[in-house]
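Here's the structure, in structure tokens; my notes come after.
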Amino acid sequence: MKSEPAAFSFEDLWRARRRTTFWDGVRNYQARNLMRGGMRVGDGVLFYHSNAAPPGVAGLAEVASAARPDPTQFDPEDPHYDPRSRREEPRWWGVDVRAVARLPRLLPLEELKGDARLAGMAVVQRGSRLSVQPVTPAEWKRVRQLAGL
DNA sequence: GCCAACGTTGGC
DNA sequence: GCCAACGTTGGC
């Protein structure tokens, strides 16, 4: 799951109450579908810093709730307000995410790209903009290994 | 700041 | 349903 650290970093999550936050603001159907249908409580999450110097995996987290409607879609004052959303049929969903482990070091995208075993990983593909991406068990293990865990 | 890649919108 | 225009993402 990607976040711009200037907006919300892994350290922000680590310091949050119960190290948990609701992952709101996702406005992409593919990413929504992954959160709503592709996640189970307890699933591992790679917390990725995008638009950062350097970009990369900043920490480990986990899915901490089932998906539920994102309240920001109904709030006209919120930048993620979506006037097309109706409460009877919410368009945008999110999950709770809980920080689980800091990494000994940030694992830069450049290293992910340089690792043959991660060649298929979504985040290393050219033009990969999706903010929520699936990670295979093998990729998960390899990332942990590279990060020094 | 640049710009390629991508998703969405809306005219037709 | 097509596709050009547009806005956004995100690496560099």
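Letters go in sequence order (proteins before strands), and every chain restarts at 1. From a predicted model like this one, the values you see are computed outputs, not experimental measurements.
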Next on the checklist: At less than 4.0 Å, is any side-chain N or O atom of A:Y29 found next to OP1 or OP2 of B:dC6? Yes or no.
Outcome noted: no

Item to check | Value in whole Å for how far the P atom of C:dT9 lies from NE2 of A:H49 | outcome: 17 Å

Checklist entry - Does a nitrogen or oxygen in the side chain of A:K2 sit under 4.0 Å from OP1 or OP2 of C:dT9? => result no

Item to check | Whole-Å gap separating C1' (C:dT9) and CD (A:Q125) | outcome: 17 Å

Checklist entry - Below 4.0 angstrom, N of the basic side chain to O of the carboxylate: do A:R142 and A:D115 qualify? => result yes

Checklist outcome for this item: Regarding the side chain of A:P55, the nearest nucleotide among C:dG11, B:dC6, C:dG10 is C:dG11

Next on the checklist: Whole angstroms only, please: what is the CG-C1' distance between A:D82 and B:dT9?
Outcome noted: 13 Å

Next on the checklist: Please verify the inter-ring angle class for A:F47 with A:H49; under 30° counts as parallel, over 60° as perpendicular, anything in between as tilted.
Outcome noted: perpendicular

Item to check | Spacing between A:E110 atom CD and C:dC12 atom P, to the nearest angstrom | outcome: 8 Å

Item to check | Euclidean distance, atom CZ of residue A:R129 to atom C1' of B:dC3 [Å, nearest integer] | outcome: 12 Å

Next on the checklist: Please classify the nucleic acid contact of A:R84 as base, sugar-phosphate, or nothing, using heavy-atom distances under 4.0 Å.
Outcome noted: sugar-phosphate

Next on the checklist: Expressed as a whole number of angstroms, how long is the span from A:N51:CG to C:dT8:C1'?
Outcome noted: 11 Å

Item to check | Atom-to-atom span, CZ of A:R27 to P of C:dT8 - whole angstrom | outcome: 14 Å

Checklist entry - Could A:R32 and A:D70 be called an ion pair, given the rule that one side-chain N must be under 4.0 Å from one carboxylate O? => result no

Checklist entry - Atom CD of A:Q133 and atom P of B:dC6: how far apart are they, to the nearest Å? => result 12 Å

Checklist outcome for this item: Heavy-atom nearest nucleotide on DNA chain B taken for A:S128 and for A:R91; more 5' hit belongs to A:S128

Next on the checklist: Would you say A:D12 and A:S9 are linked by a side-chain donor-acceptor pair, where the criterion is simply a distance under 3.5 Å?
Outcome noted: yes

